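Worksheet: the structure to be examined is printed underneath.
Any value given below was found using the heavy atoms of this structure, including those in side chains, with hydrogens, waters and symmetry copies removed. This structure is a prediction, so every number in the text was calculated from the model and none was measured. Per chain, numbering begins at 1; letters A, B, ... match sequence-line order.
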Amino acid sequence: MNFNEKVYKECKKIPKGKVSTYKEIGKKLNTRAYRAIGQALKNNPYPIQVPCHRVVSSQGKLHGFKGKTKGKALKEKQRMLEEEGLTIINNKIQDFQDKLFTF
DNA sequence: AGTCGAGCGCGCA
DNA sequence: TGCGCGCTCGACT
């Protein structure tokens, strides 16, 4: 069981309409390698099965997604999330605490 | 307050 | 073998 696979596994547990953070995942995996989690998601071999867009920074912001926070891909992810019942304003998730999924 | 640096695990050179 | 990454947190300005 690779570290990556553990990350994916946890990500897949995030229900629709909810989000989670690198920190929470790290906590769940009993590790502090938050960066590694980001790295794992970047390498994401299962883009659809593993909803990496549901994983955000601990502040509930989409900061540093896909390398550039101001990228076009980010907007798409944002819209996807919005369609799942989330509200995102200025790259920030509204009612983040409420939508946050803790394992 | 805002900035800085270190530490985590894995992938690629 | 060494560095960098979709990060976070504590320590210091």
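Comment: A/Lys27 engages A/Glu24 in a salt bridge, judged by a side-chain N to carboxylate O separation of less than 4.0 angstrom.
Judged by distance alone, with hydrogens and angles left aside, the side-chain atoms of A/Asn44 form no donor-acceptor pair with the main-chain N or O of A/Cys52 at under 3.5 Å. Panel note: side chain A/Tyr8, backbone A/Ala40; a donor-acceptor pair is recorded below 3.5 Å.
Checking each of A/Ile89, A/Thr87, A/Ile88 against A/Glu82 for a side chain to side chain contact (heavy atoms under 4.5 Å, CB included) leaves exactly one that passes, namely A/Ile88.
Enclosure of atom NZ in A/Lys13 by more than 12 non-hydrogen atoms of other residues, nucleotides or ligands within 6.0 angstrom is indicated.
The separation between A/Lys28 atom NZ and C/dT8 atom P is 19 Å, rounded to whole Å. At whole-Å resolution of the value, NZ in A/Lys61 and P in C/dT8 are 11 Å apart. To the nearest angstrom, C1' of C/dC3 lies 12 Å from NZ of A/Lys42. Rounded to a whole Å, the CG atom of A/Leu41 is 13 Å from the C1' atom of B/dC10. For the pair A/Asn43 CG and B/dC12 P, the interatomic distance rounds to 6 Å; values are reported in whole Å. B/dG11 atom P lies 14 Å from atom CD1 of A/Ile37, rounded to whole Å. Atom CD in A/Glu24 sits about 21 Å away from atom P in B/dC8, given to the nearest Å. Between the C1' atom of B/dG9 and the CD1 atom of A/Ile25 lies a distance of 14 Å, rounded to the nearest Å.
Residues A/Ile93 and A/Leu62 meet the side-chain proximity criterion, which asks for heavy atoms closer than 4.5 Å. Side-chain atoms of A/Ile37 and A/Phe3, non-hydrogen and from C-beta on, do get closer than 4.5 Å to each other.
Summary of the strand contacts: A/Gln39 and A/Gln59 both lie near DNA chain C, and taking for each the nucleotide with the nearest heavy atom, the more 5' one is attributed to A/Gln39.
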Writing each nucleotide of DNA chain B 5' to 3' as (, ), [, ], | or . by Watson-Crick or G-U pairing under 3.5 Å yields |||||||.|||||

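Put simply, A/Lys23 has no side-chain N or O that comes within less than 4.0 Å of OP1 or OP2 on C/dC7. For C/dT8, one of the phosphate oxygens OP1 or OP2 lies less than 4.0 angstrom from a side-chain nitrogen or oxygen of A/Ser58.
One can find a donor-acceptor pair under 3.5 Å joining the base of B/dG7 and the side-chain atoms of A/Arg35.
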